Peer 1: 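I am attaching a structure below and will ask some questions about it afterwards.
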Number of protein chains: 2
Amino acid sequence: MNVRPASNTESSSLPDKPVGRRPVSQRARGLSHTHPADVSLHDALAALADPVRRAIVRELGHVPDWSKACGTFDLAVSKATRSHHFAVLRQAGVIEQRDEGPRRLNRLRRTEFDAAFPGLLALVLSESS
Amino acid sequence: MNVRPASNTESSSLPDKPVGRRPVSQRARGLSHTHPADVSLHDALAALADPVRRAIVRELGHVPDWSKACGTFDLAVSKATRSHHFAVLRQAGVIEQRDEGPRRLNRLRRTEFDAAFPGLLALVLSESS
DNA sequence: TACAGTGTTTGACGGAGGTCGATCACCATG
DNA sequence: CATGGTGATCGACCTCCGTCAAACACTGTA
């Protein structure tokens with residue numbers, strides 16, 4: 001399998017602000033990501049089998065990458081539970097997160113996740129409610 | 001949506017033994033099926049999020065329809081648990097069952113389920129172990 | 001009728017995980 | 001430095017569900 005650089009955000013594909021001067025905030029150190037290709041089918045299904053997490057994914061599917069912080073989601077759970085669900089989605093390779101000042105921005109790993117589990121993300125994104 | 005005949009096995013597409021003389025065994029009365037189109041994404045994902053149930057689906061993907069009874073699966077659980085998992089898969093529209101003498105034969109609802117949840121079944125069937 | 005084979009149902013148990021309030025850590029701004 | 005905003009962590013609670021043994025139900029055969 002194609003080996004990926006482990007310690008690299010290797011994400012956005014955004015021609016972003018020159019990352020040279022932005023030494024990764026302190027909080028971002030605890031941010032461990034998992035590439036979809038390293039995720040088992042069980043973990044992927046278990047992650048998406050929760051209605052709150054699917055709501056996050058759907059909401060994330062309606063906005064551009066890195067445009068939505070964790071707190072801006074319309075969820076009927078406490079922020080502790082919210083934080084837990086984001087961690088699960090991140091470790092299942094569904095989303096990617098990046099710290100921008102005090103808040104944590106999110107991005108759906110559309111192409112990578114779809115490459116690992118074809119059609120799965122589309123099912124969630126096309127879910128009605 | 002296309003309304004389906006509710007009280008019809010509407011299944012096998014097998015040019016079978018003339019069903020005229022076979023008045024549906026007594027046990028088959030408790031056999032309630034759910035068409036994949038009537039299954040929510042949540043129920044579908046929840047059904048396939050269990051390793052034992054995925055093992056059943058995979059094993060069922062390697063044999064022809066109606067060729068495998070519940071007891072012939074290689075599962076490391078008791079027959080009570082086994083029976084439970086088959087019921088979950090049936091109510092999730094993943095499998096269809098039919099009584100043949102003392103045993104219950106199974107069939108994977110490939111086309112119907114794939115029409116309702118494109119790619120989902122393929123993911124499970126292509127799972128390695 | 002009796003028996004063996006197959007599968008379901010029931011009741012109980014235990015663990016996994018979703019949930020919350022409280023607390024803590026980090027960031028920006030005044 | 002103090003404050004408010006955002007998010008993570010901790011500990012506890014509780015529900016759900018996977019699990020099993022036991023008992024039951026149905027089928028075919030002797």
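Please read these numbers as outputs of a predicted model, since none were measured by experiment. Chain identifiers are assigned alphabetically (A, B, ...) following the order of the sequence lines, protein sequences preceding nucleic acid strands; residue numbering begins at 1 within each chain.
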Peer 1: From C-beta outward on A:Lys79, which listed nucleotide comes closest to its side chain: D:dG5, D:dG28, D:dA8?
Peer 2: D:dA8

Peer 1: Using 0.5 Å steps for rounding, measure from the CG atom of B:Leu45 to the CD atom of A:Glu127.
Peer 2: 8.0 Å

Peer 1: Evaluate side-chain contact (heavy atoms from CB on, under 4.5 Å) for B:Arg90 paired with B:His33, printing each intermediate quantity in order.
Peer 2: CA-CA 6 Å; B:Arg90 197 179 58 229; B:His33 279 129; 3.0 Å; yes

Peer 1: Does A:Arg110 have any side-chain hydrogen bond (donor to acceptor under 3.5 Å, both in side chains) partners at least two apart in sequence or in another chain, and if so, which?
Peer 2: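 Here no residue qualifies.
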
Peer 1: Is a side-chain N or O of B:Ser126 found less than 3.5 angstrom from the main chain of B:Ala122, in a donor-acceptor match?
Peer 2: yes

Peer 1: The criterion is side-chain hydrogen bond (donor to acceptor under 3.5 Å, both in side chains); which residues satisfy it with A:Thr72, sequence neighbours excluded?
Peer 2: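 For A:Thr72 the side-chain hydrogen bond (donor to acceptor under 3.5 Å, both in side chains) partners, ignoring immediate neighbours, are A:Lys68.
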
Peer 1: Could you tell me how far apart B:Arg82 (CZ) and D:dA21 (P) are, to the nearest whole angstrom?
Peer 2: 12 Å

Peer 1: Starting from P on D:dT27, measure out to CZ on B:Arg104 and report it in whole angstrom.
Peer 2: 11 Å

Peer 1: For B:Ala69, which contact category applies under a 4.0 Å heavy-atom criterion: base, sugar-phosphate, or nothing?
Peer 2: sugar-phosphate

Peer 1: Nearest whole Å is fine: how far is C:dG7 P from B:Gln97 CD?
Peer 2: 9 Å

Peer 1: Any sub-3.5 Å donor-acceptor pair from A:Arg82's side-chain atoms to A:Val77's backbone N or O?
Peer 2: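 Yes.
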
Peer 1: Among all residues two or more places apart in sequence or in another chain, which pass the side-chain contact (heavy atoms from CB on, under 4.5 Å) test with A:Ser40?
Peer 2: A:His42, A:Asp43

Peer 1: Output the rounded distance in Å from NZ (A:Lys68) to P (D:dG7).
Peer 2: 11 Å

Peer 1: Please report, rounded to the nearest Å, how far the C1' atom of D:dG7 is from the CG atom of A:Leu89.
Peer 2: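 It is 16 Å, rounded to the nearest whole Å.
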
Peer 1: Of the nucleotides D:dG7, C:dT8, C:dG7, which one has an atom closest to the side chain of B:Arg103?
Peer 2: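 Per side-chain heavy atoms of B:Arg103, the pick is C:dG7.
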
Peer 1: What is the distance from CG of B:Leu31 to P of D:dA25, rounded to the nearest Å?
Peer 2: 18 Å

Peer 1: Report the distance from atom CG of A:Leu75 to atom P of D:dG7, rounded to the nearest whole Å.
Peer 2: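 These atoms are roughly 12 Å apart.
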
Peer 1: Let's see if you get this right: which residues in residues 54-64 of chain A place a heavy atom under 4.0 Å from DNA chain C?
Peer 2: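 Nothing qualifies; none.
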
Peer 1: Summarise how protein sits on nucleotides 14-19 of chain C as a single string, 5' to 3': B when a protein heavy atom is under 4.0 Å from the base, S for sugar-phosphate-only contact, - for no contact.
Peer 2: ----SB

Peer 1: Atom CZ of A:Arg98 to atom P of C:dC27: distance rounded to whole Å?
Peer 2: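 Checked: the CZ to P distance equals 16 Å.
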
Peer 1: Any ring-ring contact (aromatic ring centres under 6.0 Å, His included) involving residues 78-116 of chain A? Give me the pairs, sequence neighbours left out, ordered by first then second residue.
Peer 2: A:Phe73-A:Phe86, A:Phe113-A:Phe117

Peer 1: Quick check for you: to the nearest 0.5 Å, what is the distance between A:Asp114 atom CG and A:Leu125 atom CG?
Peer 2: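 One gets 9.5 Å once the value is rounded to the nearest 0.5 Å.
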
